[in-house]
**Student:** 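Following this message is one structure expressed as structure tokens.
One-based numbering, in listed order, for ligands and for the atoms of each.
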Amino acid sequence: MAIELPPLPYARDALAPHISSNTLDFHYGKHHQAYVTNFNKLAEGTDYAGLPLVEAVRKSWSENNAGLFNNSAQVWNHSFYWSSMKPGGGGAPQGDIASMIDRDFGSYDGFKDAFAKAGATQFGSGWAWLVLRDGKLVVTKTSNAETPAAETASTPLLTMDVWEHAYYLDFQNKRPDYIATFLDHLVNWEFANANLAGA
Ligand code: FE
């Protein structure tokens, strides 16, 4: 059974004016769809066909199968990214994650600085992450399709896509402006809290 492009958790214009419907038409409608299509082509007739997505990510990572890894991981990463944002999101968190951020980063501003730095210093394409590792919150960054979902040592809580296709139509080359907008207006802390509760 082939994997399918999951529905966006909001309308394509719901993140405007911060992220435009034009960006989501391309980023979700073209890029995310292409990863789904390419994964299904590569998986057809192999023992990857019919695997749950996260198992395909872990199997292809452990087998060093670049084509299947890049496409399965990018399907997973993008679905996680859409849920990491919501209309009217951003700003300081509430709930369990708020106290853990204070404990592990000193303050919300300490977290913001670490997350923004991870996104800004990821050279080329990649992702910034907030993960739970050994009971502690950690900010990380990954290159290209690489993802903490490929291994079980960390539980992903939140991600931000820093591939140029995520921001170029709205922010051109100004990645730091996109990152600030993500943190101040888009982060879905309920999603992060739900992932923390399920860890
Ligand atoms: Fe992307």
**Student:** Would Lys59 pass as a cation-pi partner of Tyr48, given that its NZ or CZ must be under 6.0 Å from the six-membered ring centre and within 45 degrees of the axis?
**Tutor:** yes
**Student:** Need the atom name: nearest N/O/S atom of His165 to the Fe ion (ligand 1).
**Tutor:** NE2
**Student:** Once the angle between the rings of His27 and Trp82 is folded into 0 to 90°, is it parallel (under 30°), tilted (30 to 60°) or perpendicular (over 60°)?
**Tutor:**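 Geometry flag for Trp82 against His27: perpendicular rings.
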**Student:** Tell me which N, O or S atom from His78 is the closest to the Fe ion (ligand 1).
**Tutor:**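 Output for this pair reads NE2.
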**Student:** With heavy-atom distances below 4.5 Å as the criterion, would you say the side chains of Asn77 and Thr159 are in contact?
**Tutor:**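 Asn77 vs Thr159: side chains apart.
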**Student:** For the Fe ion (ligand 1), what is the closest N, O or S atom on Asp161?
**Tutor:**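 Within Asp161, restricted to N, O or S, the Fe ion (ligand 1) is closest to atom OD2.
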**Student:** With respect to the Fe ion (ligand 1), please indicate if His32 possesses an N, O or S atom at a distance under 2.8 Å.
**Tutor:**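 Here the distance criterion (N, O or S atom, under 2.8 Å) is not met by His32, so no.
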**Student:** Let me check your reading of the structure: within less than 2.8 Å of the Fe ion (ligand 1), is there an N/O/S atom from His31?
**Tutor:**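 No, outside the cut-off.
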**Student:** Identify whether Tyr178 and Phe26 are in the same connected component of the hydrophobic contact network (ILVMFWY, side-chain heavy atoms under 4.5 Å).
**Tutor:** no
**Student:** How are the rings of His18 and His185 set to each other: parallel, tilted or perpendicular (split at 30° and 60°)?
**Tutor:** parallel
